[in-house]
Peer 1: 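The structure's right below; bear with me while I get my questions together.
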Amino acid sequence: MTGEPHRVSLERSGAPPDEAELRRLVADHYRRFLPRRMPPRAAALAEFAASLPLGGS
């Protein structure tokens, strides 16, 4: 994940995804910047990433 708050983007890398770290970073972002919203709870990583809001919504 890269970018400024509310303008974060995901970039693919050659390394396998660290699912636990991604979920932790997203949860931290929601706690800090979107305290009234719940982070996605999808069990599968692809569904979790697809459910992330894009572009500051």
Side-chain angles (χ1 to χ4, degrees):
M1 295 174 65
T2 62
E4 298 296 319
H6 303 288
R7 296 192 181 274
V8 176
S9 64
L10 300 175
E11 295 178 0
R12 287 186 68 160
S13 68
D18 183 347
E19 184 174 347
E21 179 67 1
L22 173 62
R23 290 178 185 270
R24 186 193 67 74
L25 289 170
V26 168
D28 182 58
H29 177 82
Y30 272 74
R31 270 192 303 279
R32 293 174 63 201
F33 301 109
L34 304 168
R36 292 182 177 93
R37 294 183 60 189
M38 295 294 294
R41 296 187 179 267
L45 182 58
E47 292 172 11
F48 176 81
S51 64
L52 293 171
L54 300 178
S57 53

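These values consider heavy atoms only, across backbone and side chains, with no hydrogens, waters or symmetry-generated copies. Small disclaimer: the values here were computed from a predicted structure and weren't measured. Positions are given from 1 along the sequence.
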Peer 1: Checking R32 now: which residues fulfil salt bridge (Lys or Arg N to Asp or Glu O under 4.0 Å) with it, not counting sequence neighbours?
Peer 2: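 Listed in chain order: D28.
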Peer 1: Where is the tightest heavy-atom contact between Y30 and P53, given as atom of each residue plus distance?
Peer 2: OH-CD, 3.2 Å
Peer 1: Just grab all the side chain to side chain donor-acceptor pair (under 3.5 Å) pairs involving residues 14-25, residues at least two apart or on different chains.
Peer 2: E19-R23, E21-R24
Peer 1: Going by side chain to side chain contact (heavy atoms under 4.5 Å, CB included), name the residues that satisfy it together with A50, two or more places apart in sequence or in a different chain.
Peer 2: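 Per chain and number, A50 pairs via side chain to side chain contact (heavy atoms under 4.5 Å, CB included) with no residue.
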Peer 1: Residues in ring pair (Phe, Tyr, Trp, His ring centres under 6.0 Å) with F33, at least two apart?
Peer 2: H6, H29
Peer 1: Identify the heavy atoms of A27 and P39 that sit nearest to each other, and give their distance.
Peer 2: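 Where A27 meets P39 most closely, the heavy atoms are CA-CG, 4.4 Å.
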